[in-house]
Amino acid sequence: MSRAGALWGRVPAPVVDLALVAVAALDVWVNTWEESRLGVAFAVLGCGVLVVRRRFPFAVFLLTLPIMVTTEVAVAPLVALFTGWIRYLADGHSSVLFATLAGFSLMLIAGRREPKAGLAGRQAKARIAIRALILLALGTAMAMVYGGVIILNFYGVFFLLALPLVRLRARTLAIIAAVLALVTPQLAFVLNSLLSESVQQGINVYDPLHRLSDVGVLDLLLTGFYPALTWMSFVIAGMALGRLDLSSGTVQRRLAALGAALTVTAYGMSLLLAGKDALRSTAEDGSSSSGSGSMPLDSGSFPDMPASSLLTAGPHSGTTFDIIGSVGVAILVIVGATVAMDRLPRLRHLAKPVIAVGTMSLTAYVGHFVAQSVLSVPGGTDTQQSWMPLLMFIGGAIAFASIWSRFFRRGPLEFLLNASTKPVKYIR
């Protein structure tokens, strides 16, 4: 045991618990600006679970799980100690994490540590291209019903743009991601300044994708929720991670240090340059990036924004500081999850239901939109008044994935997506 660990072990548990409760109470007081009986009740519950966390750690995990998949202010006090920061981390960073993992998944197809070459390489690129086109079509179809918040069509574009890069080494990919993070936000700002409303309409009128779903090529590349110009940094960073040996302790330590450095540097610099509102979340303006139809349709771009907005790092702001900080958070989450699953077999066993959902993320993503329509659940801030939709979505996804995975290796949509790539075996 290290010296720090030995010293920590000497601290009486009640002292630690009381200190945590005191910090939690202060955090709730600072972050819970919408006072209500429900909010106060959950704040008390949050403080209470901290006291019993040593004897019932899994119960505490289950009680705090909802905050990981929502950014609603009404449930933030449930986690008490981490109210402000966890809500901030959830707002916008979940989609960044998924984009980073999407880049990682490309390396699983194109060759994990070593890129596939020759026939295998050509077939891998064909698989990626087919998946990209299917996601683009599926995302466009869903956008016709649910609007521009759908990310699948953007994924299709990301995959197509990433095709020329799948054989590059980790170092090269990391350099490309860094250059894009430094350059593309400024480029996006300039292009958005030059693209007047009339110019955009002139482009969109000839765009079949825009006529179908109001999410056209211009949206996919520059002005949409997740514009490829700035979001490719996340995908390419994920591709770089995919080329590393994440089971190596040395790699894990270096990535953890890198992730922490990127996060602290980016958000710290933004706070110094732009002031206390630099990290302001969209949820604090009465909307949230976690649900369909809840963000302004210009999220991810810079319409009618002053140049000083490039110094901020709020979720979905698309600035250099936002991109760098979000990549840092994604790295920390990926490394932390990898280490936890490798070294804590009991936690891995307890997390099996959540892992099952992860193996069929496409099915879960599409399914929650379909369920929202079937149950007539409104999107946006109206759902803040009830926990039931959120709990139903979480419970339904876990229950379905747990049962389905007992009989099938892949989720329903994952099976169809994999089957669609079978013809690549005829490529020579």
Might you confirm whether atom CZ of Arg171 has over 12 heavy atoms from other residues, nucleotides or ligands at distances under 6.0 Å?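 It does not: Arg171 CZ has 12 such atoms or fewer within range.
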Is the CZ atom of Phe98 crowded by more than 12 outside heavy atoms at less than 6.0 Å?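 Incorrect, the count does not exceed 12.
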Non-hydrogen side-chain atoms of [X] and [Y] separated by less than 4.5 Å:
| X | Y | answer |
| --- | --- | --- |
| Leu97 | Ile334 | yes |
| Met232 | Ile176 | no |
| Leu255 | Leu241 | yes |
| Leu165 | Leu106 | no |
| Phe104 | Leu246 | yes |
| Leu220 | Val215 | yes |
| Leu413 | Leu417 | no |
| Arg410 | Trp404 | no |

Donor-acceptor pair, distance only, cut-off 3.5 Å: does the side chain of [X] make one with the backbone of [Y]?
| X | Y | result |
| --- | --- | --- |
| Thr265 | Leu262 | no |
| Thr363 | Gly411 | no |
| Gln252 | Val335 | no |
| Tyr226 | Val149 | yes |
| Arg127 | Arg122 | no |
| Lys425 | Gln123 | no |
| Ser270 | Tyr267 | no |
| Thr100 | Gly238 | no |
| Asp342 | Val339 | no |

Which heavy atom of [X] sits nearest a heavy atom of [Y], and at what distance?
| X | Y | value |
| --- | --- | --- |
| Leu347 | Ala340 | CD2-CB, 4.0 Å |
| Ala237 | Val327 | CB-CG1, 4.2 Å |
| Thr320 | Ala181 | OG1-O, 2.9 Å |
| Val357 | Ala397 | CG2-O, 3.7 Å |
| Leu332 | Ala260 | CD2-N, 3.7 Å |
| Ser196 | Ser198 | OG-OG, 3.0 Å |

Quick check for you: to the nearest 0.5 Å, what is the distance between [X] atom [atom1] and [Y] atom [atom2]?
| X | Y | atom1 | atom2 | result |
| --- | --- | --- | --- | --- |
| Leu133 | Leu160 | CG | CG | 5.5 Å |
| Leu229 | Leu187 | CG | CG | 5.0 Å |
| Arg131 | Ile134 | CZ | CD1 | 8.5 Å |
| Met360 | Phe408 | CE | CZ | 10.0 Å |
| Ser373 | Tyr146 | OG | OH | 3.0 Å |
| Leu218 | His210 | CG | NE2 | 8.0 Å |

Among Thr312, Leu310, Leu311, find the residue that satisfies the side-chain contact (heavy atoms from CB on, under 4.5 Å) test when tested with Leu273.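 So the option named by the test is Leu311.
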Of Leu191, Val217, Thr230, which meets side-chain contact (heavy atoms from CB on, under 4.5 Å) against Leu222?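 The single option meeting the side-chain contact (heavy atoms from CB on, under 4.5 Å) with Leu222 is Leu191.
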One pair to check against side-chain contact (heavy atoms from CB on, under 4.5 Å): Ser95 and His316. What are the steps and the verdict? CA-CA 9 Å; Ser95 50; His316 285 286; 3.5 Å; yes
As a test of understanding, state which of Arg243, Arg167, Arg169 forms a side-chain hydrogen bond (donor to acceptor under 3.5 Å, both in side chains) with Glu114.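 With Glu114 as partner, Arg243, Arg167, Arg169 yield a single side-chain hydrogen bond (donor to acceptor under 3.5 Å, both in side chains), made by Arg169.
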Would Ile150 and Val145 count as a side-chain contact (heavy atoms from CB on, under 4.5 Å) if you check the C-alpha gap in whole Å, the side-chain angles of each, and the deciding distance to 0.1 Å? CA-CA 10 Å; Ile150 300 299; Val145 180; over 6 Å; no
For a side-chain contact (heavy atoms from CB on, under 4.5 Å) check, start with the C-alpha distance between Lys422 and Asn418, then their side-chain angles and the critical distance, and finish with the verdict. CA-CA 7 Å; Lys422 294 296 185 182; Asn418 181 70; 3.7 Å; yes
Classify the angle between the aromatic ring planes of Tyr365 and His368 as parallel (below 30°), tilted (30 to 60°) or perpendicular (above 60°).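 The rings of Tyr365 and His368 stand perpendicular, inter-plane angle above 60°.
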Hey, mind stepping through Leu136 and Phe159 against side-chain contact (heavy atoms from CB on, under 4.5 Å) and telling me if it holds? CA-CA 10 Å; Leu136 180 59; Phe159 286 6; over 6 Å; no
